[in-house]
2 protein chains.
Amino acid sequence: MATLKQVAAHAEVSVQTVSNALNAPHRLRADTLERVNRSIELLNYRPNRNARSLRTSAVELIGYCVPSWPNQTHLVMDQFLHALCAAAERTGRHILLFTAPGGVDGMPTYDDLHARRMVDGFVLSQTETHDPRHGWLKEQGIPFVSFGRVWKETTQPGPWVDVDGAAGSAMAVRHLYESGRRRIAFLGWPKSSGLGEDRVGGWRDACKDLGLPTTGLTVRCREDSIEEGARATARLLDAGRTVDGIVALSDILALGALRELTRRGLTPGHDVGVTGFDDSPLAEVVSPGLTSLRQPMDQIAEELITILTGSSNGSPVERLLRPELVIRGSSAPG
Amino acid sequence: MATLKQVAAHAEVSVQTVSNALNAPHRLRADTLERVNRSIELLNYRPNRNARSLRTSAVELIGYCVPSWPNQTHLVMDQFLHALCAAAERTGRHILLFTAPGGVDGMPTYDDLHARRMVDGFVLSQTETHDPRHGWLKEQGIPFVSFGRVWKETTQPGPWVDVDGAAGSAMAVRHLYESGRRRIAFLGWPKSSGLGEDRVGGWRDACKDLGLPTTGLTVRCREDSIEEGARATARLLDAGRTVDGIVALSDILALGALRELTRRGLTPGHDVGVTGFDDSPLAEVVSPGLTSLRQPMDQIAEELITILTGSSNGSPVERLLRPELVIRGSSAPG
DNA sequence: CTGAAAGCGCTTACAG
DNA sequence: CTGAAAGCGCTTACAG
């Protein structure tokens, strides 16, 4: 492996001239620059990142804790990671993956990675209600940005990027309304979920705006499974009232709705319009395809990296992005 | 941030005694060690990893290229990443994520990361037929290990860990046989897929061993979707012959089989036993639950890290692991 | 515009 | 068992 010194010797300049050629090329005379660049090329020189990091005390690495998977089926995590990686690379950075216990118990791991200078900062996700990580990191002065707000907190400890779940639900409602649906139900989660309350709120507001009924049209599922989605749908239909639209809080619940409708001889998309959330790989692969709200992953990732690596001059940055409605057969005009 | 020097001053020893306390504690007298450790604790000292890496030229970081997701729905990637991370951490290492173009076009990216000393080596996955990456990395002398063999190659360029797909299919066949099934079909992929041929081979061999028929019982699906799985199942059933068991090459195809069976008024598990592959989150979440072959992720990750970081003394290491049959309702005794 | 010097925070022989 | 010295490969002021 060639070093700066060897390149310098080959180009007959000093080491810092080579360093400047790399980091501040405008400081060199054109002919010197070209000569140095030729030597770099010829010797196939690549700067040693560890030496650089030691000197500058910046590693250009961003820590991300891989969620432990038994917790929750995170069907879009690979999309998120890919987008995050790509966004980081556009700024010359990379993602360092690590595992840590949940909640505040994981904080020593974060602290350690930062103290050893293995990462410059962190991207958080899987934010929970009253998530303690944000406050802790802020207190330690460790740079971070969160994908997801800290729910049920009036002031957010740090910068975040999130997707507007309420706006998403409202988009789904309006879409179903436009295809003629007038009794649109909501399949949700327990009230303890901040994300769940955000999404159900959007559904309720949109229905009221459009003069649609909401009473008796919400079912809260205990867990995020196809089975629960089907059961909830059955409960709705058994209540005797007509339902011609279902906005589900997740693709998984929506899949349950599709199954129950089919089982009863109803045609999803024709008799009842159904929408899901997150546009997971499943949405495309079922039949009829599931209309779903796509999280703008590339934009999310871009914003996260920009905020984390940008000059944090002043107050925390907060970015609420709109999801995109991807229309498929499950909500075809009735 | 405290440095070695400060700890040394505090403990009234030299810096290399502190270094030894950390890296070769047996060299210190017990009382010196304790004194040094107290200072380390007190000053909350954490060694700077970049300084260490510069000196030892080992970064304790393993590169993994995040697959670009439109390619293939990789439903168990988060499980894999979590297991890989955990295994790496058990040896004091971490995973560095990056993106790269597919095939040989991505090789400069690998080379660059290694040349800049940002990673010590790579874990590869998503191996393809005649995958050029293995040969390239080996030629450059860049350490790597592959999750997945290079298909249709007589000699493997480097070390690998893989799951025995043939054995998996055979396990599924025998399981269905034991619950009374006698006409067991296989839903597969095109012949161009090495992984597909591995799995269909295991099905064929097991059927022959058990004296079961195989002719007319294989359907090759063009893509890995629920729709294709359902269509293939329809073709099988329309052929007029009885089918009482279906071994599907993937969970997605198996889901298609379940749907088509249900559509025809057949009860999966009761009338026809169905199995999938990979035990993705879906398997647990559908109803009836899908019997599937779980890849032993923790063991896979452990072996990958051991091979990559171990002394590669001599010939490439090859490890073929058995999947585990997770039995659920879709294959309940008929 | 270019170069001699110092130093980032460690570890590795080696001498005592 | 402990310490003085050298050096890993860069970058950062600073002088010329």
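Below, chain A is the first sequence line, B the second, and so on; all start at residue 1.
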I need the single residue from Phe122(B), Phe144(B), Trp151(B) that forms a ring pair (Phe, Tyr, Trp, His ring centres under 6.0 Å) with His134(B). Which is it? Phe144(B)
Between C1' of dA15(D) and CG of Asn20(A), the distance in whole Å: 14 Å
Closest approach to the side chain of Thr32(A), judged atom by atom: which nucleotide of dT2(C), dT11(C), dA6(C) is it? dT2(C)
Counting only side-chain nitrogens and oxygens, does Arg27(A) get under 4.0 Å of the OP1 or OP2 atom of dC1(C)? no
Short question: side chain of Gln156(B), backbone of Val150(B) - any donor-acceptor pair under 3.5 Å? yes
Is Ser14(A) close enough to dT2(C) that one of its side-chain N or O atoms is under 4.0 Å from OP1 or OP2 there? no
Picking from dT12(C), dG3(D), dC10(D), which would you name as closest to the side chain of Ser19(B)? dT12(C)
What is the distance, rounded to the nearest whole Å, between atom CD1 of Ile40(B) and atom C1' of dC10(C)? 13 Å
Which base, if any, makes a Watson-Crick or G-U wobble pair with dC1(C), both distances under 3.5 Å? dG16(D)
Would one find more than 12 heavy atoms of other residues, nucleotides or ligands at under 6.0 Å from atom CD of Gln140(B)? yes
From NZ of Lys5(A) across to P of dG3(C) the rounded distance in Å is 16 Å
With heavy-atom distances below 4.5 Å as the criterion, would you say the side chains of Gln126(A) and Pro67(A) are in contact? yes
Anything under 30° is parallel, anything over 60° is perpendicular, the rest tilted; go ahead and classify Phe98(A) against Tyr110(A). perpendicular
To the nearest angstrom, the CE-P distance between Met118(B) and dC10(D) comes to 14 Å
Can you confirm whether the side chains of Ser125(A) and Tyr64(A) place a donor and an acceptor under 3.5 Å from each other? yes
Rounded distance (Å) that lies between atom P of dG9(D) and atom CZ of Arg49(A): 17 Å
Reading DNA chain D from 5' onward, which residue's closest nucleotide shows up sooner: Leu28(B) or Thr56(B)? Leu28(B)
Length of the line joining Leu4(B):CG and dG9(C):P, which is rounded to integer Å: 10 Å
Can you tell me how far C1' of dT2(C) sits from CD of Glu34(A), to the nearest Å? 18 Å
Quick one: on DNA chain D, does Leu54(B) or His26(B) contact a more 5' nucleotide (nearest heavy atom)? His26(B)
Report yes if a side-chain nitrogen or oxygen of Thr3(A) is closer than 4.0 Å to either non-bridging phosphate oxygen (OP1 or OP2) of dG9(D); otherwise report no. no
Could you work out which one of dC10(C), dG3(D), dG9(D) sits closest to the side chain of Arg55(A)? dG9(D)
For the pair made of CG in Leu22(A) and P in dT11(D), what is the distance, rounded to whole Å? 7 Å
Answer with base, sugar-phosphate or nothing: what part of the nucleic acid does Asn23(A) contact at a heavy-atom distance below 4.0 Å? sugar-phosphate
Which nucleotide in the set dC1(C), dT2(D), dG9(C) lies at the smallest distance from any side-chain heavy atom of Arg29(A)? dC1(C)
dC8(C), OP1 or OP2 - any side-chain N/O from Ser57(A) closer than 4.0 Å? no
Of all the choices, dG9(D), dG3(D), dT11(D), which nucleotide is nearest to the side chain of Arg52(A) once you look at every atom? dT11(D)
